[in-house]
There are 2 protein chains.
Amino acid sequence: MKQKPTLKVIAKELDVSVSTVSKALKDSKEIGAKTKERVKAFAKLYNYRPNNIALSLKNRKTKTIGVIIPEIVHHFFTTVISGIEKYANEQGYNVIVGLSNESFDKEVINLDMLANGSIDGFIISVAKETLAKEDFHHITETIDQGVPIVMFDRVVDEILCDKVIVDDVATSKKAVQQLISNGCKKIGIISTKDYVSVGRLRTRGYLEALNHNHIPKNDDLILKIDDKLNSNDNLEQLEAQIATFFKQNKQLDGIFAVNELYAITAMKVARKNGIQIPEQLQVIGFTDGVLSKHAYPPLTTISQHGFEMGEDCARLLIERLEKQDEEDETYQTVVVKTDLVLRETTKSKS
Amino acid sequence: MKQKPTLKVIAKELDVSVSTVSKALKDSKEIGAKTKERVKAFAKLYNYRPNNIALSLKNRKTKTIGVIIPEIVHHFFTTVISGIEKYANEQGYNVIVGLSNESFDKEVINLDMLANGSIDGFIISVAKETLAKEDFHHITETIDQGVPIVMFDRVVDEILCDKVIVDDVATSKKAVQQLISNGCKKIGIISTKDYVSVGRLRTRGYLEALNHNHIPKNDDLILKIDDKLNSNDNLEQLEAQIATFFKQNKQLDGIFAVNELYAITAMKVARKNGIQIPEQLQVIGFTDGVLSKHAYPPLTTISQHGFEMGEDCARLLIERLEKQDEEDETYQTVVVKTDLVLRETTKSKS
DNA sequence: GTGAAAGCGCTAACAA
DNA sequence: TTGTTAGCGCTTTCAC
């Protein structure tokens, strides 16, 4: 193992000073042509690369951004990461990923580990446990220390920062409206507990759609899945809860699910009960991921455009980083548009 | 925005020296009890956190590891990352993710960006384009510079480093044997081009199984999907190639696919052709991901235990990092065990 | 045209 | 018990 060459090593080897080497490598006009040549040749030969850490210390910025998400085994989050990565890399930034695993403590630890100078700013989607506890001190403290944060998807209204979201209410309303227009009479929703912002908002959209069509609200038709159940471990419990829901609501002919896993599982349960999709039951999911595309039958879903969300997050963050001196205290909330991707789990009954 | 407190700031504020503060914060016995108290109280009050970058520069290690994978929107890779993350975090390491997007150039850039002191070591699964070009100079150079690398899944035999793989040949043989035992007579394989190591090896396992059962090889039954087709973009092309394959091989009654996307797509094509699964066609995939689990019917697959692979990668790398002085030039190749997860796309015809 | 010195934030050997 | 100093690798100002 050859040791990595540093300016100092090169300087000694060539019998010049460190600063000469530094300048030569930057093509400074202060340095004589042949010295430059010599230095550059030597540097190339030994594959010199400036030490990023030293630069970071000097410049007080690391050119890397930290992304903290609840789970990486989740198609939506990975598309967002792809988007972040793409934009960040284009701007010369690196991306460091931390997983909270939906746990408050791990979220705090991750933030702590990275906020100590390792990264210039965060992009985060808040863990369910954190939302449930409503304890956001780690986030506000980080912001107070001058480390900017961009929140996406699962955001916290009270915290002042840039945000990238989807118009959950309007989008859900649109989806449910589609079911109604298609002739569904008894539409159920499979959502999360209310502390998860997106679940709460999507439920609100569902209710607005019903209301708009003068359909009375029926609490039996609203299923709020217990916390953490969309982790891959307890699929059986998820299925059990949905099976019970089906049993309690016999004439269900439409389902709106707030994520694709819930939608897919509902379809599985329906199939076991001999219910035909879309003839007897129409289904729409949220988040257009691989699961939806490859489901049988292919699932009609709302596309959140995760990749674009990621790009927006990175853009917002990097823009703020690059003009950090200006102390801009006005925050943006970007609302990414959604699309209803019609596939085979819905169809007009007319 | 308060500026982040440094030792220097604290020292000045408390009118002691920087080293006193440093030692006090580390509970050094050299420092007097009340000085310690004072310093600690102050540090807590202003939420002091040591600057990681400075520590990295000092210690010549960053306690972060770089993971470079072809695609993050891929269940297998995300499970591996989860495993890496878990083990790394337990050991106090951070994980930084780079995506090569199956491109040689992006792989090189990623390696370059990070090899300059930002990370202590790499975990990498090689991009298809790199495998096709057979140009590995960026990898060998990195190793030569003293930055250890662990390869997983898509590895390069010629490169000396730690590796974590699955016994692709034996595992594939087992899967195909299962099909044969189940009574399949005409078994096809859907694989990748040969330069992708895993595709090549899995095809070899397929052939060995046939051979073992005295079934003659038939090249028509071997489909090698064109490069990059498992990226989500060109699903139609994938489907087209598989449809053609079906047309050319009428009595196909068994399919072994080298990843779950190929398997799922084959099932889709079969369904369109009115072929019953598993009655008329049995299917086994590789990589037990979400797609397989939620497919209809649920797909029999080989579980690669990605999470464990990730843990092994991290363990191998960190072990090497922590004893880097010893200059251990013996490399390990960990072969992770696989399991055949029997679901509903296979069944004995007896 | 080249080099010395200071400094980014921190630690540790050594002095006081 | 506390402080001074040097140094991690680099940039940059200011002398020479």
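Each chain gets a letter, A, B and so on, in the order its sequence line appears, and its residues count up from 1. Only this structure's heavy atoms are used, side chains among them; waters, hydrogens and symmetry mates stay out.
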Taking atom [atom2] of [N] as reference, at what distance in whole Å does atom [atom1] of [X] sit?
X: Leu55(B); N: dG9(D); atom1: CG; atom2: C1'; result: 15 Å
X: Glu37(A); N: dT2(C); atom1: CD; atom2: P; result: 13 Å
X: Lys23(A); N: dA4(C); atom1: NZ; atom2: P; result: 11 Å
X: Leu25(A); N: dT2(C); atom1: CG; atom2: C1'; result: 15 Å
X: Leu7(A); N: dG3(C); atom1: CG; atom2: P; result: 13 Å
X: Asp27(B); N: dT2(D); atom1: CG; atom2: P; result: 13 Å
X: Lys61(A); N: dC8(C); atom1: NZ; atom2: C1'; result: 14 Å
X: Asn52(B); N: dT11(C); atom1: CG; atom2: P; result: 11 Å

| message | Would you say NZ of Lys40(B) has more than 12 non-hydrogen atoms from neighbouring residues, nucleotides or ligands within 6.0 angstrom? | response | yes

| query | Does the pair Lys163(A)/Asp157(A) count as a salt bridge with the N-to-O cut at 4.0 Å? | reply |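 Answer for the salt bridge query: no.
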
Side-chain N or O of [X] less than 4.0 angstrom from OP1 or OP2 on [N]?
X: Tyr48(B); N: dG9(C); answer: no
X: Lys29(A); N: dG1(C); answer: no
X: Arg60(B); N: dG9(D); answer: yes

| Is a donor-acceptor pair below 3.5 Å formed from side chain Lys58(B) to base dG9(C), judging by atom type as modelled? | no

| said: Any N or O donor-acceptor pair under 3.5 Å from the base of dA4(C) to the side chain of Ser19(A)? | reply: yes

| remark: When Glu30(A) and Ser22(A) are each assigned the nearest nucleotide of DNA chain D, the 5'-most assignment goes to Ser22(A)

| request: Test salt bridge (Lys or Arg N to Asp or Glu O under 4.0 Å) on Glu319(A) and Lys323(A) and set out the steps. | output: CA-CA 7 Å; Glu319(A) 278 174 7; Lys323(A) 55 158 193 198; over 6 Å; no

What's [X] touching, base or sugar-phosphate or nothing? Going by heavy atoms closer than 4.0 Å.
X: Ser56(A); answer: nothing
X: Val16(B); answer: sugar-phosphate
X: Thr6(A); answer: sugar-phosphate

| message | If we check side chain to side chain donor-acceptor pair (under 3.5 Å) with Thr130(B), which of these qualifies: Lys106(B), Glu102(B), His138(B), Glu107(B)? | response | Glu107(B)

| message | By nearest atom, which of the nucleotides dG9(C), dC10(D), dG3(C) is closest to the Thr20(A) side chain? | response |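 From the listed options, dG3(C) comes nearest.
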
| Under 3.5 Å, is there a donor-acceptor pair between the Asn51(B) and Lys4(B) side chains? |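 The criterion, which ignores hydrogens and geometry beyond distance, is not satisfied for Lys4(B) and Asn51(B).
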
